[in-house]
Amino acid sequence: MRYASGNAFSFMDKICALVVLLCFLHISVVLVYYIRNADSSQTLKTTNLQNHQIHRKLTEQGVTTEETKPPSVSNDTETERKLETCPDNPPNLVGPLRIEFSDLVTLDLVREQNPALQPGGRFKPQDCIAQQKVAMIIPFRNRDEHLKFWLYYMHPILQNQQLDYGIYIIIQDGDDAFNRAKLLNIGYAEALKEYDYQCFVFSDVDLIPMDDRNIYKCFSQPRHLSVSMDKFGFRLPYATFFGGVSSLSKEQYLNINGFPNNYWGWGGEDDDIFNRISIKGMSISRPDGMIGRCRMIRHGRDKLNDPNPQRFDQIAHTRQTMGQDGISSLSYKILNVEKDQLFTKITVDVGKP
Ligand code: UD2
Ligand code: MN
């Protein structure tokens, strides 16, 4: 059939008009929804990023974002209500986490996603009293790419772990060989000047736990937290390994006179710390191998951090040196302090090898 009758034509016209009208209605409704949701599109862009799960939990648990914040109470009795100590097993932990290092992360995104932080990267839970006040200490020079990921993953994890914590990035100034252990000592001393911390977590900037049940707090013995690393095929490289991430209470740290100040360059300082702990009759506590899995951001050896050729000789003499060399003999100069919502950065002159 090539032509339709006149009647059929006008009938078709009506149908067409109806279809056009429906299309128009559909487009308007879609448009209205689109405009109303434009604000949250920023968040949608990052849906592939793991933090979502954790953030949802944080909001449920009363760590509020701008929109969900309850109106402030002028009457103090409400805020002074008796809080209980946070439980041993924080209720909102997620368990295994997907950790990947995607380019989408920026410091501004991390700031946006962690509205409950106070200047200095400080946080304490609102609905219970944290079991421990923990200073997170990171030895640092020229690793901004890694720091970004560390902050992105760690802030939500630490909040879910219900810790009263602060983040201290200790930056070695100048071009001398890197001195990781001395920077950790400085972090201990500087953090304590600011708050009554009872526990110190010492973490490489490039290590992220793959399970938030690996709680970044202190235990009855010094703790080694990074027990199974991707870089070592998720096993301990050797039984006395203490590198990566560790935690010591103030008492445990003082008992070993802190860490050595004279390991310049890569290696050995972690073994010296292990020696100090065992010489003082303490043992190492560790999470189980599955919970203690973690990822290290792949990297080459930094300039100015060549292997320390004296390390084997130094490790052999910890017993003789630890009394004089440690927190008791620590000396350094503060060059700059920067407070950000996400961290306190302290730049120091650590002296010369
Ligand atoms: C291993 C240990 C580490 C330490 C080191 C020997 C692991 C996961 N970690 O790390 O704890 O015992 O051997 O010293 O096995 N850093 C800078 N800028 C630099 C150099 C180092 O920020 O230029 C910091 C940074 O936090 C880094 C850490 O020092 O993560 C350790 O240095 P590394 O990552 O180069 O050494 P790595 O991975 O062999
Ligand atoms: Mn590393």
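Order of appearance sets the numbers: ligands from 1, and atoms from 1 within every ligand. The figures here come from the full heavy-atom set of this structure, side chains too, leaving out hydrogens, waters and symmetry mates. In this chain, numbering begins with 1 at the start of the sequence shown.
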Quiz item: Is Arg276 salt-bridged to Asp272, going by a charged N under 4.0 Å from an acidic O?
Solution: yes
Exercise. Measure from NZ or CZ of Lys182 to the centre of the six-membered ring of Tyr332, then state whether that distance is under 6.0 Å and the direction lies within 45° of the axis.
Key: no
Exercise. Ignoring angles and geometry beyond distance, decide whether Lys303 reaches within less than 3.5 Å of ligand 1 through its nitrogen or oxygen atoms.
Key: no
Quiz item: Looking only at heavy atoms of Asn305, does any of them come nearer than 4.0 Å to an atom of ligand 1?
Solution: yes
Quiz item: Judged by non-hydrogen atoms, does Phe241 sit under 4.0 Å from ligand 1?
Solution: yes
Practice problem: Please could you name the atoms of ligand 1 that Gly244 approaches to less than 4.0 Å, counting only its heavy atoms? | Solution: 2 (C), 3 (C), 9 (N), 11 (O)
Self-check item: Ring center gap for Phe259 and Phe202 short of 6.0 angstrom
Solution: yes
Quiz item: Taking heavy atoms and a distance under 4.0 Å, where does His299 meet ligand 1: side chain, backbone, both or neither?
Solution: side chain
Quiz item: Can you find a pair of side-chain heavy atoms, one from Pro96 and one from Arg213, that are under 4.5 Å apart?
Solution: yes
Practice problem: Check each heavy atom of Asp302 against ligand 1 and say whether those closer than 4.0 Å belong to the side chain, the backbone, both or neither. | Solution: side chain
Practice problem: Mark up the atoms of ligand 1 that fall under 4.0 Å of a heavy atom belonging to Pro139, in ascending order. | Solution: 22 (O), 24 (C), 25 (C), 26 (O)
Quiz item: What part of Glu269 sits under 4.0 Å from ligand 1 if we count only heavy atoms: the side chain, the backbone, both or neither?
Solution: side chain
Quiz prompt | Numbered atoms and elements of ligand 1 in range of Met296, under 4.0 angstrom, heavy atoms | solution = 8 (C), 38 (O)
Self-check item: Qualifying side chain to side chain donor-acceptor pair (under 3.5 Å) pairs, either residue in residues 304-313, two or more places apart
Solution: Asn308-Gln314
Practice problem: Test salt bridge (Lys or Arg N to Asp or Glu O under 4.0 Å) on Asp340 and Lys345 and set out the steps. | Solution: CA-CA 8 Å; Asp340 185 278; Lys345 273 185 178 170; over 6 Å; no
Quiz item: So, do His155 and Tyr165 have ring centers that fall under 6.0 Å from each other?
Solution: yes
Self-check item: Taking atom 1 (C) of ligand 1 as the reference point, the nearest protein heavy atom with its distance
Solution: Trp266 NE1, 4.0 Å
Self-check item: Sub-3.5 Å N/O-N/O distance, Arg180 and ligand 1
Solution: yes
Practice problem: Below 4.0 angstrom from a heavy atom of Gly267, which ligand 1 atoms are there? Numbered from 1 as shown, please. | Solution: 6 (C), 14 (O)
Quiz item: In terms of atom number and element, which parts of ligand 1 are under 4.0 angstrom from non-hydrogen atoms of Asp270?
Solution: 12 (O)
Quiz item: Strictly under 4.0 Å, does any heavy atom of Lys231 approach an atom of ligand 1?
Solution: yes
Practice problem: Check ligand 1 against Gly243 and write out every atom of the ligand that is under 4.0 Å from a heavy-atom position of the residue. | Solution: 11 (O)
Quiz item: What atom name does the N, O or S atom of His299 nearest to the Mn ion (ligand 2) carry?
Solution: NE2
Quiz item: Judged by non-hydrogen atoms, does Gln172 sit under 4.0 Å from ligand 1?
Solution: no
Quiz item: Under 6.0 Å between the ring centres of Tyr152 and Phe149?
Solution: no
Quiz item: Gln172 side chain to Leu183 main-chain N or O, any donor-acceptor pair under 3.5 Å?
Solution: no
Practice problem: Between Val205, Asp204, Asp230, flag the one that comes closest to atom 31 (C) of ligand 1 by a heavy atom. | Solution: Asp204
Quiz prompt | No-hydrogen, no-angle side-chain donor-acceptor test under 3.5 Å, Ser228 and Arg293 | solution = no
Exercise. Answer side chain, backbone, both or neither: which part of Leu207 comes under 4.0 Å from ligand 1, heavy atoms only.
Key: side chain
Quiz prompt | NZ/NE/NH1/NH2 to OD/OE distance under 4.0 Å, Arg295 and Asp230 | solution = yes
